Asker: 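Take this structure first; my questions come after.
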Amino acid sequence: MKIKIIEAELNPWQEMEHYQANMTTLSGKFGATNIFVGTMRDFNEGDVVTSMTLEHYSGMTEKQLAKIIEKTEQQYAILDVLLIHRVGLLLPNQPIVLIAVWAVHRGDAFDACRNIMEALKSSAPFWKKENLIEGSRWVTKNTQGYQT
Amino acid sequence: MKIKIIEAELNPWQEMEHYQANMTTLSGKFGATNIFVGTMRDFNEGDVVTSMTLEHYSGMTEKQLAKIIEKTEQQYAILDVLLIHRVGLLLPNQPIVLIAVWAVHRGDAFDACRNIMEALKSSAPFWKKENLIEGSRWVTKNTQGYQT
Amino acid sequence: MSITVRYFASLSEVLNKSEEKLETTTALDIKEVWNQLNPDKIMPNNTLVAINMAYVEMGQTVQIDDELAFFPPVTGGAL
Amino acid sequence: MSITVRYFASLSEVLNKSEEKLETTTALDIKEVWNQLNPDKIMPNNTLVAINMAYVEMGQTVQIDDELAFFPPVTGGAL
């Protein structure tokens with residue numbers, strides 16, 4: 001299990017390739033990987049968003065994410081988790097978060113990945129500030145993952 | 001939307017990087033990507049599996065996968081889908097299938113990806129034959145994605 | 001004038017053939033095609049059938065020049 | 001002897017501070033800490049509170065040397 005909070009740009013595919021190449025003890029043991037990548041959009045609530053600043057509570061973030069993953073591991077039969085979240089200044093089309101879950105069966109991989117993502121949104125101490133064409137605003141509404 | 005049936009080894013991360021680099025019209029428009037990768041295990045139903053042969057009905061496979069994706073697009077607000085499935089001889093730890101779904105919201109990405117995977121398993125004309133230490137056997141039981 | 005008939009996976013192994021043609025001047029129903037080509041074999045209960053690469057029910061009629069396929073339940077994707 | 005108090009995101013902007021210390025020789029409850037440090041500000045209804053980087057309920061007692069944090073609802077991940 002690995003949790004990383006990074007300021008540098010996030011390339012989810014390179015991270016996946018690298019992490020999985022080092023998962024040698026699980027080679028041949030997992031049948032399912034579910035991955036979620038959240039990416040910065042250039043619009044929100046009808047406005048153009050030019051960039052975003054992601055603040056976090058360094059220290060608590062890592063503790064809270066570890067708690068979320070441990071709880072998820074108790075709930076689902078999963079083998080490994082990789083979670084990377086960016087902080088600092090983000091530009092549109094840049095990935096914000098990567099969550100990857102490895103399991104023997106696909107049901108656990110899907111459920112656990114979604115579960116981690118929902119728990120992250122509701123309890124990990126990150127705050128987004130959107131920079132608009134004029135001015136900036138804190139994001140206050142946390143959309144539900146189950147809406148369409 | 002892209003569907004590929006390949007005999008060569010599948011590197012999901014390179015495929016994702018390459019496909020997304022060419023999704024220029026969607027740049028900044030998607031906020032969520034959910035990806036499923038199915039990987040060959042070295043065990044099944046208590047036996048060591050040394051390799052696997054994946055047969056398919058060339059022509060019908062592509063048609064059936066396109067139908068599945070079109071139906072999913074009608075059901076969920078998704079922006080793009082990439083689906084790659086291997087056929088031929090596979091070795092343990094090699095990826096079998098990649099399904100990636102891009103959407104504005106994460107709920108749609110998760111639901112649609114899972115939906116495509118379940119529909120693929122129940123209706124796309126692929127058949128697995130497992131090669132064991134002694135002899136080989138056709139896989140007949142299709143596990144449910146919702147089991148734990 | 002004929003119908004092309006294909007068999008896949010375990011069904012192809014059991015029957016020891018993967019493709020054949022049935023000469024016919026009229027449309028036939030699926031079971032007739034099977035019985036003419038496999039007179040001594042009972043079609044397995046869980047056999048799936050496609051005509052021209054689309055799933056059909058067993059009661060469907062097969063037209064001349066159609067491609068008819070018989071196969072066992074599919075097992076693609078990940079376990 | 002003191003309690004470290006931290007504020008994040010919009011709350012930090014509104015209060016125009018991100019960290020301060022409250023000198024105290026006794027444990028205090030969370031609302032007392034807020035009121036001593038922000039006597040003229042009402043704590044927003046949706047404020048979240050953590051002690052030593054773990055969420056706590058508003059009724060919790062803050063011990064000497066604890067790190068107490070106030071922050072608005074979190075908004076990480078993807079939209």
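Because the structure is predicted, anything quoted here is derived from the model rather than measured. Each chain gets a letter, A, B and so on, in the order the sequences are listed, and its residues count up from 1. Every heavy atom of this structure was used, including side-chain atoms; hydrogens, water molecules and symmetry mates were not.
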Asker: Supply the atom-to-atom distance C/Leu68 CG to C/Glu20 CD, rounded to the nearest 0.5 angstrom.
Answerer: 10.0 Å
Asker: What part of B/Ser136 is in contact with chain C, defined as an atom under 4.5 angstrom from a non-hydrogen atom: side chain, backbone, both or neither?
Answerer: neither
Asker: Below 4.0 angstrom, N of the basic side chain to O of the carboxylate: do B/Arg86 and B/Glu7 qualify?
Answerer: no
Asker: Answer with side chain, backbone, both or neither: which region of B/Ser123 has an atom nearer than 4.5 Å to a non-hydrogen atom of chain C?
Answerer: both
Asker: Ignoring hydrogens and angles, state whether a donor on the side chain of B/Thr72 or B/Asn115 is under 3.5 Å from an acceptor on the partner side chain.
Answerer: yes
Asker: Quick check for you: among B/Glu62, B/Met40, B/Gln64, B/Lys67, which has the greatest number of heavy-atom pairs under 4.5 Å with chain C?
Answerer: B/Gln64
Asker: At a 4.5 Å cut-off on heavy atoms, which part of C/Pro73 comes close to chain B: side chain, backbone, both, or neither?
Answerer: backbone
Asker: Are B/Asp80 and B/Lys2 ion-paired here, with the side-chain N under 4.0 Å from a carboxylate O?
Answerer: no
Asker: Is it the backbone or the side chain of C/Asn46 that comes under 4.5 Å from a heavy atom of chain B, or both, or neither?
Answerer: neither
Asker: May I have the step-by-step check of side chain to side chain contact (heavy atoms under 4.5 Å, CB included) for B/Trp13 and B/Val37, ending in yes or no?
Answerer: CA-CA 10 Å; B/Trp13 326 122; B/Val37 178; 3.9 Å; yes
